[in-house]
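These notes concern the structure reproduced below.
We use all heavy atoms of the structure for the numbers below, so side chains are in, but hydrogens, waters and symmetry mates are not. Note that this is a predicted model, so its numbers are computed, not measured. Numbering starts at 1 and runs along the sequence shown.
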Amino acid sequence: MDESRHDQGRHPALDYHEFPKPGKLEIRATKPLANGRDLSRAYSPGVAEACLEIKADPSTASRYTARGNLVAVVSNGTAVLGLGNIGALASKPVMEGKAVLFKKFANIDAFDIEVNQSDPEKLAEIVCALEPSFGAINLEDIKAPDCFIVEKICRERMNIPVFHDDQHGTAIVVGAAATNALKIAGKKFEDVKIVSTGGGAAGIACLNMLLKLGVKRENVWLCDIDGLVYEGRNGDMNPHKAAYAQKTELRTLDDVIGGADLFLGLSGPGVLKPEMVAKMAKDPIIFALANPTPEILPDEVRKVAPGAIVATGRSDFPNQVNNVLCFPFIFRGALDCGATVINDEMQIACIEGIAALARTTTSAETAAAYSGEKLTFGPDYLIPKPFDPRLIGVVASAVARAATETGVATRPIEDLDAYRRQLEGSVFKSAMIMRPVFEAAATVTRRIVFAEGEDERVLRAANAMIEETTDRPILIGRPEVIAARWDRAGLPPRPESDFEIVNPQSDARYRDYWSTYHELMARQGVTPDLARAIMRTNTTAIAAIMVHRGEADSLICGTFGQYLWHLKYVREVLARGGLHPIGALSLMILEDGPMFIADCQVHHEPTPEQITEAVLGAARHVRRFGLVPKVALCSHSQFGSLDTDSGRRMRAALDMLDQREPDFVYEGEMNVDSALDPELRRRQLPQSRLEGMANVLVFANSDTASGVRNILKMKAGGLEVGPILMGMGNKAHIVTPSITTRGLLNMSALAGTPVTYYG
C-alpha cells in the first residue's frame, strides 16, 4: 500500500475511535431511574419478582431481561481481518465494530467478548458457559481449523443459535451472489465447474453451501497455498479440506482452471492471473474476495473476458460481497422467533431473500446512499447494497419462517406478514403510522398528477405507487427527459398503461387547458396570451387545471420553489365550491410518538377564525392516521397570563371552538412545554380539560410553527409527513423541496384517500 495513502487514512481512523470518547460502544438504561420508586423496582426489592418468574419459567427471561435481544460477539483474535493472529486485546476494535453493525442494521444489542484462549476446546467451554447471558452467539475471527471445533462443540451443547460469521455469513452472501450470477449467465448450479482458492473457514463454508444449492461435489476443485487439494496429499491437510480432494494427476491452479464457470477466491492478492481467466468458460463468473487486494482486479479480468461477471470484497468495485448483508438480519429473525439453532434451511432462506431483493427495483433510500451508481439488477448488481433498508424485512422474516417450518422456533411467529411490516416500520419510520392511510387509499384507484414529473424523487415515487398501490401516477414533463432519468435511476421499464405523461411542450389538450385557465382567470387580469404562456411553462397550473377538469383526482407539487408561489395557482384554480386553504399540517414522527404541527405555511398571522379552522382541520386529519386528536393552542401567553396579540387571537379561537362544541379535546392558550408536560400543566391550570401530552400543536403564526417543525426535524431526528394542505378537499398538496421519495409516496397515499375517509 502507498505509504502516503496509508498515513492519510490512519489518523482519521484513529481519531474516529478515540473522539469524542474512546471506543464505539456505551451502555444506556432503558428504564427510568429518577426516584426511590424506580430504584426499588430496578433493584431490591422489586428485582426479586423478575428473578422468581425466570426461576419458575426460564423462557420468561426474554420478557423480563434484555437476553432475547442480546448477542455475544466472541473472538480470541487468532485470525483478524487480514491482520492474522494479533491477539484478543488487539481484536477489540473489530469486535466493537461488529456490535455497532448489529445495532445499526438490526437494532440488536451486542457485547464484544475477547478471550485470551488459543485452545479451541477450552475456548468452546468458555463460550458455552455464557449461555445464561445471551440470546445468541456470534463467533468471529477464530483461525481455521480451530473455528470448526469451537462451533461444533458450542452448537452441540448450547440451546441458542451459534453462528460463525466468517464461515456462514460469507457463505450466505456468496450463495446469493452466485444464485443471481448464474441466473444472468443462464446456467444452473448442478452444471457448473467451480475452482476455488483458499482452504480456510470461509472458503470451506462457501463450498459446503454451494453443494447445498445444487453444485456437484465432483465439479469442485479446491486449491490452497500448496496447490490443488488431491487424494493422497499429506501436507497442510485437515478433514474439511480432504472432503474436496480430487482423484487426479493435476496439481496447480493453472492446471485445473480450464473450462471453469466460476472462480471463487478467498485467498490472497494476485493469485488468479489474466492468462488463467482466458482459459475459463466463456463469460466466466469470478468472485475475487481477498481483502484488501483481490485475487485479480476487475479491470484485468475484463481485458481478457469482457463479458465476465465479477465480484470482490471491496466497496470501490461493483458487487461487494459483504457479510453485513446477512448476519444482522439472520440473527434478528432467529432471536425474534426464539430459534435454538441457525440451521441450513434458515441460511438458504437468507440466501433466497437477499438474491430476490437484488432483482427488485432499488429503493430510493439505497439510491440516495449510493448516489451516482446505477443500481439495476445485472452483471454489476448481483446483490443488494448494505444500506438497503428493505433487507431487515425480507431476510429476517424469511429466516423466522424457515425456523418455524423446521421446528426450531420456540416462539413461532404466527402472523409473518405482520412481523415483516413491523420490521419495515422499524426502518421506515413512517410505515406504521401511515398504514391506515395506505389501507384507506387501497379501497379506490385515484389519479395523482405530479407537477414536477422530471424530478428523480418523483419518478421513484411513481414507480413505488405502481408497485405498492392501486393509484395511477400522471407525470408532467418532457417525455424524453423522463425516459432518460427513469433509465438512469435504474427503474424497471413500464408500459404506457402504467402511467400517463403530460408534455407541456406538446399536448393535444393544450388549447383546452389554456382556454379553461383563461375562463377562470379572465376577470383577474389574465389575457389569452398570458394563459397560453402559463400553460406552456407552469406545471403547477397545468396540474391544477387537470384536477379542475376531472382528468386527475389530486395534484402534488412543490419539490422545488417556494410554497406560497405554488399555493397561488392551486388557490386560483381549485379554491371553489366552498374549498379554500385553511392551513398546512405537518406530521413529525419522533422517537416517543407522532406530533402534528400547524399552520406551517398558509397563513402568516392567522385570524381567530383561521386558527379555529386550522384546529378543526387538524383534528380531522389526525383521525386519518387512526389517532385521537389532543390539540394545544400554543402561545407565549399561558392561560391569559399576557395581553399579547398571539394570546388574544388564541383566546378568541378558543371561544369559537367552545361555541362549536367539537368532539375532540383542545386547550389553550399555553406554552409548548405545558402542552407536552401534564405535570407542569396541572400546576398551571389544575382544571385543564387536556389529559396527557398534546399531539397537535397549533401556533399563532407560521414563523413559529415552521421553526418548531424544523427544529424537530434537524435536532430531534423527526421524520416529516407533509405538509398536508387542509381545506382543499384532498385535491392538492404542496410539499417542500427537502422531501424524500418516501415522503412523496406517503403524500400520494394521503392524496389517494377518498374525502369520505376524513370528513
Side-chain angles (χ1 to χ4, degrees), residues 50-51 53-76 95 98-99 101-103 105-115 117 120-142 147-169 171-172 205 323 326-350 392 395-413 419:
C51 296
E53 287 292 318
I54 295 169
K55 182 178 184 296
D57 180 1
S59 68
T60 61
S62 62
R63 289 180 58 191
Y64 300 119
T65 75
R67 183 176 184 265
N69 192 51
L70 194 60
V71 170
V73 180
V74 182
S75 180
N76 63 0
M95 304 311 132
K98 195 65 175 277
L101 297 181
F102 269 114
K103 188 66 176 178
F105 288 102
N107 198 28
I108 293 172
D109 297 312
F111 284 136
D112 61 294
I113 299 177
E114 295 77 29
V115 183
Q117 181 53 261
E121 294 188 2
K122 291 181 179 178
L123 178 58
E125 288 282 340
I126 294 170
V127 175
C128 290
L130 297 173
E131 184 167 353
S133 294
F134 297 96
I137 303 292
N138 181 95
L139 300 174
E140 191 77 15
D141 291 350
I142 302 169
C147 58
F148 299 117
I149 300 170
V150 175
E151 185 193 31
K152 182 175 185 296
I153 294 172
C154 291
R155 284 177 65 118
E156 289 173 350
R157 290 181 49 187
M158 302 181 81
N159 201 39
I160 58 174
V162 177
F163 188 80
H164 185 208
D165 187 46
D166 299 311
Q167 291 183 63
H168 308 301
I172 286 169
N323 289 15
C326 160
F327 72 82
F329 315 117
I330 199 167
F331 273 98
R332 180 74 279 156
L335 288 169
D336 288 342
C337 70
T340 57
V341 68
I342 295 176
N343 58 27
D344 289 347
E345 291 82 0
M346 294 163 70
Q347 294 182 42
I348 291 173
C350 193
I392 188 169
V395 177
S397 60
V399 168
R401 183 187 301 275
T404 299
E405 291 174 349
T406 55
V408 300
T410 61
R411 299 187 303 274
I413 297 170
Y419 172 59

What is the minimum heavy-atom distance between [X] and [Y], and which atoms define it?
{"X": "Gly169", "Y": "Cys326", "result": "CA-SG, 4.1 Å"}
{"X": "Ser59", "Y": "Ser62", "result": "O-OG, 3.2 Å"}
{"X": "Ile413", "Y": "Ala400", "result": "CD1-CB, 3.9 Å"}
{"X": "Ala106", "Y": "Ile392", "result": "CA-CD1, 3.9 Å"}
{"X": "Tyr419", "Y": "Gly333", "result": "OH-CA, 3.7 Å"}

Problem - Phe111: side chain to side chain contact (heavy atoms under 4.5 Å, CB included) partners, not counting sequence neighbours - result: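 Scan of Phe111 (side chain to side chain contact (heavy atoms under 4.5 Å, CB included), adjacent residues dropped) gives Ile27, Leu70, Phe134.
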Problem - For Ala334, side chain to side chain contact (heavy atoms under 4.5 Å, CB included) partners two or more places apart - result: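 Once residues adjacent in sequence are excluded, the partners of Ala334 under the side chain to side chain contact (heavy atoms under 4.5 Å, CB included) criterion are Pro161, Ala339, Ile342, Met346.
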Handout entry: side-chain contact (heavy atoms from CB on, under 4.5 Å) between Val74 and Glu140, worked out
Key = CA-CA 6 Å; Val74 182; Glu140 191 77 15; over 6 Å; no
Exercise for the section: Kindly indicate, with the supporting measurements, whether the criterion side-chain contact (heavy atoms from CB on, under 4.5 Å) is fulfilled by Met158 and Cys128. Expected result: CA-CA 6 Å; Met158 302 181 81; Cys128 290; 3.8 Å; yes
Practice task
Taking the side chain as every heavy atom from C-beta outward, state whether Glu345 and Glu405 have any pair of such atoms under 4.5 Å apart.
Solution key: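 No, side chains not in contact.
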Handout entry: pair Lys103-Asp109: side-chain heavy atoms closer than 4.5 Å
Key =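 In contact.
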Roughly how far, to the nearest 0.5 Å, is [atom2] of [Y] from [atom1] of [X]?
{"X": "Asn138", "Y": "Asn323", "atom1": "CG", "atom2": "CG", "value": "9.5 Å"}
{"X": "Gln347", "Y": "Gln167", "atom1": "CD", "atom2": "CD", "value": "9.5 Å"}
{"X": "Ile330", "Y": "Ile172", "atom1": "CD1", "atom2": "CD1", "value": "4.0 Å"}
{"X": "Phe148", "Y": "Ile142", "atom1": "CZ", "atom2": "CD1", "value": "11.5 Å"}
{"X": "Lys55", "Y": "Thr60", "atom1": "NZ", "atom2": "OG1", "value": "12.0 Å"}
{"X": "Lys98", "Y": "Asp165", "atom1": "NZ", "atom2": "CG", "value": "3.5 Å"}

Practice task
Could I get the full list of salt bridge (Lys or Arg N to Asp or Glu O under 4.0 Å) partners for Asp336, not counting sequence neighbours?
Solution key: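 With sequence neighbours excluded, Asp336 shows a salt bridge (Lys or Arg N to Asp or Glu O under 4.0 Å) to Arg332, given in chain and number order.
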Handout entry: All salt bridge (Lys or Arg N to Asp or Glu O under 4.0 Å) counterparts of Glu131, not counting sequence neighbours
Key =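 Result, salt bridge (Lys or Arg N to Asp or Glu O under 4.0 Å) vs Glu131: none returned.
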For the pair [X] (side chain) and [Y] (backbone), establish whether a donor and an acceptor sit closer than 3.5 Å, ignoring hydrogens and angles.
{"X": "Asp112", "Y": "Val73", "value": "no"}
{"X": "Asn69", "Y": "Asn107", "value": "yes"}
{"X": "Thr410", "Y": "Gly338", "value": "yes"}

Practice task
Identify which one of Glu125, Glu151, Glu121 satisfies the salt bridge (Lys or Arg N to Asp or Glu O under 4.0 Å) criterion when paired with Arg157.
Solution key: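 When salt bridge (Lys or Arg N to Asp or Glu O under 4.0 Å) is applied between Arg157 and each of Glu125, Glu151, Glu121, only Glu125 qualifies.
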Problem - Partner residues of Phe327 under the ring pair (Phe, Tyr, Trp, His ring centres under 6.0 Å) criterion, sequence neighbours left out - result: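 With neighbours one apart ignored, the set is Phe102.
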Problem - Qualifying residues under ring pair (Phe, Tyr, Trp, His ring centres under 6.0 Å), relative to Phe329, sequence neighbours excluded - result: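 By the ring pair (Phe, Tyr, Trp, His ring centres under 6.0 Å) rule, Phe329 matches no residue at all.
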Handout entry: Residue pair Val71, Leu335: steps toward the side-chain contact (heavy atoms from CB on, under 4.5 Å) verdict
Key = CA-CA 9 Å; Val71 170; Leu335 288 169; 4.0 Å; yes
Practice task
For Arg401, look at atom CZ and say whether over 12 heavy atoms of other residues, nucleotides or ligands are found less than 6.0 Å away.
Solution key: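 Count not over threshold, so no.
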Problem - Working for side-chain contact (heavy atoms from CB on, under 4.5 Å), residues Ile160 and Arg67 - result: CA-CA 11 Å; Ile160 58 174; Arg67 183 176 184 265; 3.6 Å; yes
